[in-house]
Amino acid sequence: MNRPSEKFELIYEIAQDPENTFSIKQLCELNHVSRSGYYSWIHSLEAKAAKEAQDRADFDLILQAFLEHGRKKGARQIYMVLQHMEPPVTFNLKKIRRLCRKYGLECPIRKANPYRRMAKAMRTDSVSDNLVERRFGTMSSLRTT
């Protein structure tokens, strides 16, 4: 319980208890937080709830774009699908990534094709011609032959 918001939540719960004998000032002192910070947190609850509702609505659009055409997509493809919706929806890539992280939406990483690796290893056209033919002498001895 290191975050101030967790402490503010605890103070709020204790203050709502009818058997509580502590004042808000005393509870804030016990938790080592400022009283003004607590009241600021209380007044911001509505704004946080509205932001959470907006995030959820935006994530529903992202999820719809993620599942479109039957395959999963990354943030860039989600962005492009949203751009081509009717009406077009524009989100910043950072917002798409933030909401995907927040709600646990992950795009599976495509695995490498093993056949491509084998073909690359077996490729023989990258071998150079043997011009020296293992005769490592001076330049003049190479020219005479």
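These figures come from a predicted structure and were not determined experimentally. These numbers come from the heavy atoms of this one structure, side chains and all, not from hydrogens, waters or symmetry mates.
Remark: Lys102 engages Glu52 in a salt bridge, criterion side-chain N to carboxylate O under 4.0 Å.
Under a hydrophobic-cluster definition in which Ile, Leu, Val, Met, Phe, Trp and Tyr are linked whenever side-chain heavy atoms come within less than 4.5 Å, directly or via other members, Phe59 and Tyr79 are assigned to the same cluster. Connection of Leu105 to Val81 is not established within any shared hydrophobic cluster, with ILVMFWY side chains joined at heavy-atom distances below 4.5 Å, either directly or through further cluster members.
Using a 4.5 Å cut-off on side-chain heavy atoms (C-beta onward), Ile11 and Asn31 make contact. No side-chain heavy atom of Leu93 sits less than 4.5 Å from a side-chain heavy atom of Ile78. Between Leu27 and Leu10, the closest side-chain pair of non-hydrogen atoms is not below 4.5 Å. Using a 4.5 Å heavy-atom threshold, the side chains of Met85 and Gln64 count as touching. The shortest side-chain heavy-atom distance between Asp17 and Glu13 does not fall under the 4.5 Å cut-off. Using a 4.5 Å heavy-atom cutoff, the side chains of Ile62 and Cys100 are in contact. Looking at Pro108 and Lys72, their side chains come closer than 4.5 Å, going by heavy atoms from C-beta outward.
The aromatic rings of Trp41 and Phe8 are tilted relative to each other, their planes meeting at an angle between 30° and 60°.
Within 6.0 Å of the CZ atom in Arg56, the count of heavy atoms belonging to other residues, nucleotides or ligands exceeds 12. Counting non-hydrogen atoms of neighbouring residues, nucleotides and ligands closer than 6.0 angstrom, the CD atom of Glu46 reaches no more than 12 such neighbours.
Side-chain contact check for Asp58 and Gln54: at least one donor-acceptor pair (N or O, by modelled atom type) lies under 3.5 Å.
For the atom pair Ser5 OG and Lys48 NZ, the distance stands at 6.0 Å (nearest 0.5 Å). Rounding to the nearest 0.5 Å places CD of Glu68 at 9.0 Å from CG of Leu82. Here the straight-line distance linking atom NZ of Lys25 with atom OH of Tyr38 works out to 16.0 Å at 0.5 Å rounding.
Within the 3.5 Å criterion, the main-chain N or O of Lys94 finds a donor-acceptor partner in the side chain of Asn92. Distance alone, capped at 3.5 Å, is enough to place a donor-acceptor pair between the Ser34 side chain and the Gly37 backbone. Side-chain N or O atoms of Lys73 include one that pairs as donor or acceptor with a backbone N or O of Arg71 at under 3.5 Å. The closest donor-acceptor contact from the side chain of His84 to the backbone of Met80 lies under 3.5 Å.
The minimum heavy-atom distance linking Gly74 with Cys107 is given by the pair N-SG, 3.6 Å. Scanning both residues, Thr90 and Gln83, for their nearest heavy atoms gives OG1-NE2, 3.2 Å. Ile14 and Asn20 make their closest contact through O-CB, 3.3 Å (heavy atoms, listed as atom of the first residue, atom of the second, distance). Nearest heavy atoms, Ala15 versus Ile24: CB-CD1, 3.6 Å.
For the pair Arg98 and Tyr103, the cation-pi test (distance below 6.0 Å, angle within 45°) is failed.
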Arg76/Arg97 under side-chain contact (heavy atoms from CB on, under 4.5 Å): CA gap, chis, key distance, verdict: CA-CA 9 Å; Arg76 290 186 195 139; Arg97 288 188 178 116; 4.2 Å; yes

